[in-house]
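Per chain, numbering begins at 1; letters A, B, ... match sequence-line order. Just so you know, these numbers use all the heavy atoms, side chains as well, and skip hydrogens, waters and symmetry mates.
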Protein chains: 2
Amino acid sequence: MQQHLLEGNDSENAFCYSDPYWNGSASSNTVMKEIEETVGTHSVSNKSTKTIQQETISTTSAGEHTKLTNVTATLEMKPLWEEFNELGTEMIVTKAGRRMFPTFQVRLFGLDPAADYMLMMDFVPVDDKRYRYAFHSSSWVVAGKSDPISPPRIHIHPDSPASGSQWMKQVVSFDKLKLTNNQLDDNGHIILNSMHRYQPRFHVLYLPNKSDSIDAGKQNFKTFMFPETKFTAVTAYQNHRITQLKIASNPFAKGFRDCDSDDW
Amino acid sequence: MQQHLLEGNDSENAFCYSDPYWNGSASSNTVMKEIEETVGTHSVSNKSTKTIQQETISTTSAGEHTKLTNVTATLEMKPLWEEFNELGTEMIVTKAGRRMFPTFQVRLFGLDPAADYMLMMDFVPVDDKRYRYAFHSSSWVVAGKSDPISPPRIHIHPDSPASGSQWMKQVVSFDKLKLTNNQLDDNGHIILNSMHRYQPRFHVLYLPNKSDSIDAGKQNFKTFMFPETKFTAVTAYQNHRITQLKIASNPFAKGFRDCDSDDW
DNA sequence: GGATTAGCACCTAGGTGTCAAGGT
DNA sequence: ACCTTGACACCTAGGTGCTAATCC
């Protein structure tokens with residue numbers, strides 16, 4: 001009924017980073033500027049982002065740096081994400097900032113153990129529409145054109161930068177990431193429009209050594225998108241089955257459970 | 001009565017880092033090796049560590065790197081530390097690891113905002129003695145020579161490495177640091193001998209750029225010691241006045257307070 | 001009427017000293 | 001005797017959806 005899959009005609013082209021704000025804890029100003037230049041101008045501009053959809057993940061197909069060609073990422077808790085996605089995932093946004101559930105977590109492979117990388121996430125609108133939940137038909141319906149686009153922000157994983165060996169030796173969790181609907185947010189949270197649909201993106205950025213940074217022809221980041229992580233931003237849950245699934249699967253919502261199935 | 005101040009004849013010379021174990025989250029293998037070579041061989045060996053005691057802080061007097069000469073550090077919660085020190089500070093050590101209270105926190109000045117630094121802590125024995133608490137006289141008495149020295153460990157502040165501007169813009173807190181008496185600890189905690197006295201040390205390590213690392217004559221770290229942070233490691237509190245001061249000042253021990261003075 | 005907000009009860013996760021019991 | 005350990009009650013800190021009130 002609600003198969004929220006990304007169609008081929010994304011509106012990514014309309015989405016442009018003009019004044020990126022960087023949150024998360026970055027470790028050096030030099031590094032910051034480097035990424036800003038890279039992602040801020042290349043990542044979502046129209047020329048260099050030809051993302052293709054693979055079975056589970058999407059990667060940039062353009063010529064990447066050698067330290068990125070073998071990099072792959074798999075989504076953790078994929079069955080849970082799919083269960084939500086089949087109902088039409090909703091994520092709460094609040095003024096103070098709300099974590100995602102399920103938490104976006106990935107397992108990484110193929111990094112150079114000795115090289116340094118930064119990991120980050122951002123969120124692109126799935127389309128240019130505003131939605132409304134029709135309770136009588138229990139489904140989402142288009143409610144008009146999208147509201148003005150929120151200030152685009154990127155969440156840098158707080159452990160960045162770190163070596164490939166560090167990133168690969170355990171699951172990378174973005175549990176510090178928070179979503180807000182406050183357009184004037186001052187805490188570095190991801191700003192989204194409520195009642196709009198978003199696709200999370202995951203970026204692996206290679207940090208070249210001073211001696212290595214000369215090959216300018218290659219992209220030094222790789223982007224992954226998992227279609228099953230798409231969601232609608234809401235200030236209160238609309239689909240009651242989503243609420244029930246959250247209560248059943250989120251440990252922090254245990255207080256609202258009826259039975260006592262603790263096997264999550 | 002118990003003025004636990006560091007005498008001039010420290011036994012630092014007898015304390016040698018043979019096989020340093022690195023805990024905390026370090027971000028790159030390259031960086032790790034760099035520090036290991038530096039502190040592991042120079043920091044507490046007899047030749048290059050002529051620490052002098054200033055009013056509140058102690059710094060290495062040897063020729064330092066330019067990016068370190070103006071660096072100063074002040075101890076946060078100094079009045080509280082002094083209150084404990086006058087009674088003879090005790091710190092609990094447990095098998096699982098126990099945080100320090102008060103927490104070791106510093107404010108930093110004089111770093112190069114654009115340069116990268118790592119911050120770390122370690123603990124040096126104040127002397128080569130073992131202590132016992134004499135309840136009748138309410139004082140610590142020597143109980144013999146020190147037990148075999150614990151495997152020396154260094155705690156790297158988890159935000160390391162980071163830029164000088166990052167470190168200076170707020171108080172740096174070592175609240176993730178834990179003390180243990182388990183000589184076989186596998187969690188990267190600081191290993192101490194119970195009933196022994198220790199002096200915490202704080203190190204600022206400058207991370208040179210590839211182009212900058214050529215001046216080998218200079219030390220690339222600076223060490224600070226605050227005499228009022230000395231303490232005796234214990235498995236259970238000995239001095240009842242220490243217990244009372246902990247209960248009165250540590251928010252997590254609020255459950256043991258009699259009156260309701262919440263002004264800490 | 002639809003969407004948002006603030007306070008709340010109820011959780012998870014983990015930092016305290018206490019106390020009784022165990023160890024050497 | 002002296003020191004250490006582990007279970008425990010009691011906190012802090014913060015993540016949940018619920019509900020009623022509010023905003024437009």
Would you say [X] reaches [N]'s phosphate, i.e. side-chain N/O to OP1/OP2 under 4.0 Å?
X: Lys95(A); N: dA6(C); result: yes
X: Lys254(A); N: dG15(D); result: no
X: Asn181(B); N: dT5(D); result: yes

Exercise. Reckon Thr94(B) touches a base, only the sugar-phosphate, or nothing at all at heavy-atom distances under 4.0 Å?
Worked result: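 The answer is nothing, as Thr94(B) stays clear of every strand by at least 4.0 Å.
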Exercise. Nearest to the side chain of Arg99(B), which nucleotide is it out of dC3(D), dG15(C), dT12(D)?
Worked result: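 Within the option list, the nearest is dG15(C).
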Problem set entry | Nucleotide of dT18(C), dC11(C), dC18(D) approaching Phe252(A) most closely (side-chain heavy atoms) |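 Comparing dT18(C), dC11(C), dC18(D) against the side chain of Phe252(A), the answer is dC11(C).
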Quickly work out the [X] [atom1] to [N] [atom2] distance and round it to whole Å.
X: Arg98(A); N: dA6(C); atom1: CZ; atom2: P; value: 13 Å
X: Arg132(A); N: dC24(D); atom1: CZ; atom2: C1'; value: 16 Å
X: Asn250(A); N: dG14(D); atom1: CG; atom2: C1'; value: 13 Å
X: Gln244(A); N: dC18(D); atom1: CD; atom2: P; value: 7 Å
X: Asn193(A); N: dG2(C); atom1: CG; atom2: P; value: 20 Å
X: Tyr237(B); N: dC3(D); atom1: OH; atom2: P; value: 17 Å
X: Met195(B); N: dA1(D); atom1: CE; atom2: P; value: 17 Å
X: Leu245(A); N: dG17(D); atom1: CG; atom2: P; value: 11 Å

Exercise. For Ala253(B) and Ser194(B), take the nucleotide of DNA chain D holding the closest heavy atom to each; which residue's nucleotide lies nearer the 5' end?
Worked result: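 Nearest nucleotide further toward 5': that of Ser194(B).
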Exercise. Taking the nucleotide of DNA chain D with the closest heavy atom to each, which residue, Thr235(B) or Gly97(A), is nearer the 5' end?
Worked result: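 Looking at DNA chain D, the more 5' nearest nucleotide goes with Thr235(B).
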Problem set entry | Any donor-acceptor N or O pair under 3.5 Å, side chains His203(B), Thr223(B) |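 Side chains of His203(B) and Thr223(B): pair found under 3.5 Å.
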Exercise. Between Gln183(B) and Asn193(B), is any side-chain donor less than 3.5 angstrom from a side-chain acceptor?
Worked result: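 Yes.
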Problem set entry | Aromatic ring pairing Phe135(B)/Tyr133(B), orientation class (parallel under 30°, perpendicular over 60°, tilted between) |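 Because their plane-to-plane angle is over 60°, the rings of Phe135(B) and Tyr133(B) count as perpendicular.
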For this session: Return the orientation label for the Phe231(A) and Tyr198(A) ring planes: parallel under 30°, perpendicular over 60°, tilted otherwise.
Result: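 If you compare the ring of Phe231(A) with that of Tyr198(A), the planes turn out tilted.
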Problem set entry | Phe104(B), Phe202(B), Phe174(B), Tyr117(B) screened by ring-ring contact (aromatic ring centres under 6.0 Å, His included) with His157(B), the one that passes |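 Result for ring-ring contact (aromatic ring centres under 6.0 Å, His included) with His157(B): Phe174(B).
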